[in-house]
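What follows is a single structure, written as structure tokens, with notes after it.
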Amino acid sequence: MEEEKNLNFIEQIVENDLREGKNDGRIQTRFPPEPNGYLHIGHVKAICMDFGIAEKYNGVCNLRFDDTNPVKEDTEYVDSIQQDIRWLGFRWGQVYYASDYFDQLYELALRFIREGKAYVDEQTAEQIAEQKGTPTEPGVASPYRDRPVEENLRLFEAMQRGEIEEGRMVLRAKIDMANPNMHFRDPIMYRIITSHPHHRTGRKWNVYPMYDFAHGQSDYFEGVTHSICTLEFVVHRPLYDYFIDQFVGEVPSNFPAWKEGSDYRPHQYEFNRLNITYTVMSKRKMLQLVKEGLVAGWDDPRMPTVCGLRRRGYTAEAIRTFIDKIGYTKVEGMIDLGLLEHTIRESLKQTAPRVCAIFDPVKLVLTNYVGDGEMIEAENIDGMPELGSRIMPFGKELYIERGDFLEEADKNFFRLSPGGREVRLKSAYIIQATGCEKDSEGCITTVYATYDPTSKSGTEGGNRKTKATINWVECGSCVDVEARLYDRLFRVENPSAEEGDFRDLLNADSLKVVTCKAEQSLRNEMHPVQVVDGIAQVKHFQLLKQGYFVIDPDTNENRLVLNRTASLKDNWQK
RNA sequence: UGCCUAAUGGUGUAAUGGUAGCACUACAGAUUCUGGUUCUGUCUGUCUGGGUUCGAGUCCUGGUUAGGCAACCA
């Protein structure tokens with residue numbers, strides 16, 4: 001039986017359109033990133049929507065780079081964006097660029113001018129802003145608003161020929177300077193950009209269309225039916241519709257299957273963007289963190305970028321599950337970072353092999369141990385023998401966590417304490433502490449214990465219950481491992497809501513690098529990380545009681561570097 | 001003194017005129033060779049006034065609150 005799943009409001013709209021036979025029963029979406037930065041988890045929410053709708057309703061989702069501003073855009077980003085989308089597990093139909101339509105858009109602009117719907121304004125940006133009015137006061141008309149068509153035509157063509165200096169003139173739509181929607185107050189359609197070549201068209205163009213004059217038209221040209229975006233574009237929708245109204249019904253140039261007489265027209269729908277506590281979701285701020293070296297790069301594991309999350313150890317599956325859990329509405333909210341962490345724990349707990357590593361080691365000597373070269377076999381995940389096992393050398397001298405021993409323990413502490421409870425060494429023997437040795441400053445240097453040789457795990461004598469199980473590694477065989485312990489990037493839940501500089505809100509402890517002593521089996525991981533399709537392959541572990549970790553690409557034959565993806569929940573409060 | 005959105009537990013979402021449900025969090029207990037996991041339970045919610053209706057979270061209406069809108073950005 002199919003699981004009953006509630007539809008989000010976009011899916012309801014789509015199903016309704018399908019029921020009514022709109023757009024010839026077609027569903028077509030697009031993901032329209034601007035190639036001016038790396039994808040972050042907020043984009044993933046949009047990607048899951050755009051690609052998800054197409055997948056679910058047998059439609060197609062194309063990738064379209066919204067590259068109308070050469071000042072900010074670069075091919076570097078075009079590549080990384082495609083890589084990230086593929087990694088997430090989505091496949092687009094076609095790759096398009098808004099710049100594919102520059103010729104058509106230019107023709108359309110000329111037509112607007114001829115029809116008296118556009119004019120060339122030669123005021124400064126400041127003057128134009130001034131005349132725009134405010135949300136509560138109407139704007140006033142530009143002195144150039146009623147320029148003759150011929151003059152507009154001549155000037156706009158001069159703009160494109162590069163005869164006009166950047167910033168000297170713009171092409172404006174002639175709509176309504178008193179409209180309560182600010183975007184209708186003669187919005188700019190084209191501006192001159194001669195200072196930067198375009199990453200695809202080079203120096204061909206000296207004028208470039210603004211978003212509002214490019215996006216809806218591009219949708220139309222391609223046959224997009226549902227143009228889904230985030231809430232900040234709601235106020236742009238009337239303008240989106242206005243521009244399309246001017247030529248709707250004409251043959252869409254990049255949509256060969258279009259049929260004469262079709263009712264086709266694209267519609268824009270908006271959903272709430274993703275905000276997560278203790279991070280920022282603004283490309284501008286991320287770029288600043290990267291440029292100023294406040295993080296190690298776009299793929300710093302503390303960053304909410306797709307590449308950052310990947311390096312942190314988040315799987316594509318877990319990220320998509322997370323997006324699925326948070327849903328789509330029109331309510332602007334803030335998602336608890338805890339939900340993202342919960343999702344990755346849920347995913348990794350079933351697959352990540354368990355290994356021992358001691359972070360704050362203290363030597364444990366088993367005074368009655370006489371064995372030599374003993375090997376212990378332990379399952380990679382307890383209770384799942386099909387996932388294999390590994391060998392752990394055992395011996396008289398081990399490292400255990402300093403925190404697992406307390407000289408004077410209260411009843412809430414059920415680990416090692418002299419004369420205290422019996423404690424199990426994970427997968428090995430039951431021991432009992434007898435005492436400890438301290439240095440001149442009172443710091444414990446060695447813990448002494450006796451072990452019960454008949455209590456080995458998996459044997460009959462090992463069935464005895466203990467209240468605690470502690471981790472250990474054998475001193476002679478263990479390996480030093482660099483562990484990078486990541487925590488939330490910011491100290492406050494919502495850095496964007498705070499007054500002042502957001503950089504002052506960074507969490508100074510968001511990265512701690514420590515060296516821990518890990519069990520011998522991790523030596524097998526000391527080799528360069530494999531790279532497939534430009535993406536470093538990840539391998540996860542759970543360091544028992546410490547959390548989930550992933551091997552970092554900085555790893556080589558000489559050192560193993562682990563990034564903490566997420567800690568384990570810790571209910572032991574003191 | 002404008003226009004556009006939206007208001008359901010601490011958080012995120014569902015209920016499409018008919019029992020306010022789910023997940024996360026928190027707390028409590030049980031289980032456990034990870035103080036993890038698992039299981040069970042508990043707390044906490046329809047912004048507000050009026051109306052329509054046998055019946056309203058849902059429809060109508062007035063208010064309140066929050067967010068967005070005045071880039072030659074997208």
Side-chain angles (χ1 to χ4, degrees), chain A residues 5-8 12 32-34 36 66-69 71-73 98 121 124-125 128-139 166-172 179-185 188-193 207-208 210-212 214-215 229 231-238 270 272 277 283-284 325-343 345-346 349-350 354 356 378 381-383 412-415 423-428 430 457-458 462-471 493 542-547 567-574:
Chain A
K5 177 86 167 77
N6 295 306
L7 302 177
N8 64 49
Q12 288 175 29
E34 184 186 13
N36 70 341
D66 231 332
D67 56 350
T68 55
N69 186 359
V71 175
K72 292 160 70 178
E73 293 147 9
D121 197 339
T124 64
I128 291 175
E130 185 93 1
Q131 287 167 354
K132 204 135 204 180
T134 69
T136 53
E137 302 162 74
E166 186 168 320
R168 285 280 295 114
M169 293 183 188
V170 291
L171 182 70
R172 290 229 257 169
N179 200 289
N181 182 340
M182 299 289 294
H183 294 276
F184 266 60
R185 323 248 257 230
I188 292 170
M189 293 162 58
Y190 266 89
R191 77 288 214 189
I192 301 167
I193 297 177
V207 293
Y208 291 90
M210 299 287 287
Y211 167 85
D212 284 310
H215 198 90
C229 60
L231 249 21
E232 67 268 29
F233 291 97
V234 169
V235 286
H236 292 252
R237 192 189 335 125
E270 313 88 7
N272 58 343
T277 54
K283 265 197 242 180
R284 201 198 94 241
K325 281 174 191 282
I326 62 178
Y328 296 86
T329 65
K330 303 181 91 150
V331 187
E332 300 174 57
M334 176 75 71
I335 305 288
D336 192 338
L337 178 62
L339 184 61
L340 182 61
E341 294 184 333
H342 168 261
T343 311
R345 285 193 194 105
E346 278 293 296
K349 77 178 183 206
Q350 359 184 11
R354 275 58 164 169
C356 275
I381 300 183
D382 285 342
N412 289 326
F413 183 84
F414 37 85
R415 276 117 93 152
V423 170
R424 177 176 311 274
L425 293 174
K426 177 71 184 168
S427 307
I430 293 173
S457 293
N463 287 337
R464 196 153 85 236
K465 297 265 184 253
T466 57
K467 186 73 175 160
T469 299
I470 66 170
N471 297 146
E493 278 203 352
Q542 186 197 105
L543 301 190
L544 283 161
K545 298 189 182 185
Q546 298 292 343
S567 61
L568 256 29
K569 287 212 289 188
D570 187 1
N571 287 335
W572 185 43
Q573 287 121 340
K574 266 206 99 179

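Chain letters run A, B, ... following the sequence lines, proteins first and then strands; every chain starts at 1.
- Closest to the side chain of A/Lys325, from the set B/rA23, B/rU25, B/rA74, is B/rA23.
- Closest to the side chain of A/Gln542, out of B/rA71, B/rG35, B/rU34, is B/rU34.
- The side chain of A/Asp570 lies closest to B/rG35 when the candidates are B/rC24, B/rA74, B/rG35.
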Contact letters for nucleotides 1-8 of chain B, in which S counts primed atoms plus P, OP1 and OP2 and B counts the base, heavy atoms under 4.0 Å: BBSSSSS-

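- Ion pairing between a basic and an acidic side chain is recognised when a charged N comes within 4.0 Å of a carboxylate O; A/Asp212 and A/Arg237 show no such pairing.
- With pairs defined as Watson-Crick or G-U wobble and both atom distances under 3.5 Å, the stems of at least three pairs that touch RNA chain B come out as B:2-7 with B:64-69, B:10-13 with B:21-24, B:26-30 with B:38-42, B:47-51 with B:59-63.
- Side chain of A/Arg424 to main chain of A/Gly462: a donor-acceptor pair is present (N/O by atom type, distance under 3.5 Å, no hydrogens or angles).
- Closest to the side chain of A/Ala125, out of B/rC24, B/rC72, B/rG36, is B/rC72.
- The NZ atom of A/Lys72 sits 10.0 Å away from the CD1 atom of A/Ile193 when rounded to the nearest 0.5 Å.
- Counting only heavy atoms from C-beta on, A/Asn571 has its side chain closest to B/rG36 among B/rC72, B/rG36, B/rC24.
- Side-chain contact between A/Val423 and A/Ile430: absent, with no pair of heavy atoms (C-beta onward) separated by less than 4.5 Å.
- In this model, no donor atom of one side chain and acceptor atom of the other lie less than 3.5 Å apart for A/Thr343 and A/Glu346.
- OP1 or OP2 of B/rC73 sits under 4.0 Å from a side-chain N or O of A/Arg191.
- Contact annotation for A/Tyr190: no contact, since no heavy-atom pair falls under 4.0 Å across all strands.
- Comparing B/rC72, B/rU25, B/rA15 by their closest approach to the side chain of A/Asn6 singles out B/rA15.
- A sub-4.0 Å separation between OP1 or OP2 of B/rU25 and a side-chain N or O of A/Lys569 is present.
- Checking the phosphate oxygens (OP1, OP2) of B/rU11, no side-chain nitrogen or oxygen of A/Thr277 falls inside 4.0 Å.
- The CG atom of A/Leu543 sits 9.5 Å away from atom CG of A/Leu568, with the distance rounded to the nearest 0.5 Å.
- OP1 and OP2 of B/rC69 both lie 4.0 Å or more from every side-chain N or O belonging to A/His183.
- Heavy-atom nearest nucleotides on RNA chain B were determined for A/Asn471 and for A/His215, and the one closer to the 5' end corresponds to A/Asn471.
- The side chain of A/Arg415 contributes no N or O atom lying less than 4.0 Å from OP1 or OP2 of B/rU34.
- Defined by atom type and a distance below 3.5 Å, a donor-acceptor pair is present between the side-chain atoms of A/Asn36 and A/Lys283.
- Applying the 6.0 Å contact sphere to CD of A/Glu232 captures more than 12 heavy atoms from other residues, nucleotides or ligands.
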Can you give me the N/O atom pairs linking the protein to nucleotides 38-43 of chain B at distances under 3.5 Å, or say none if there are none?
residue	atom	partner	partner atom	Å
B/rU38	OP1	A/Lys349	NZ	2.5

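- Comparing B/rG35, B/rC72, B/rA15 by their closest approach to the side chain of A/Met210 singles out B/rC72.
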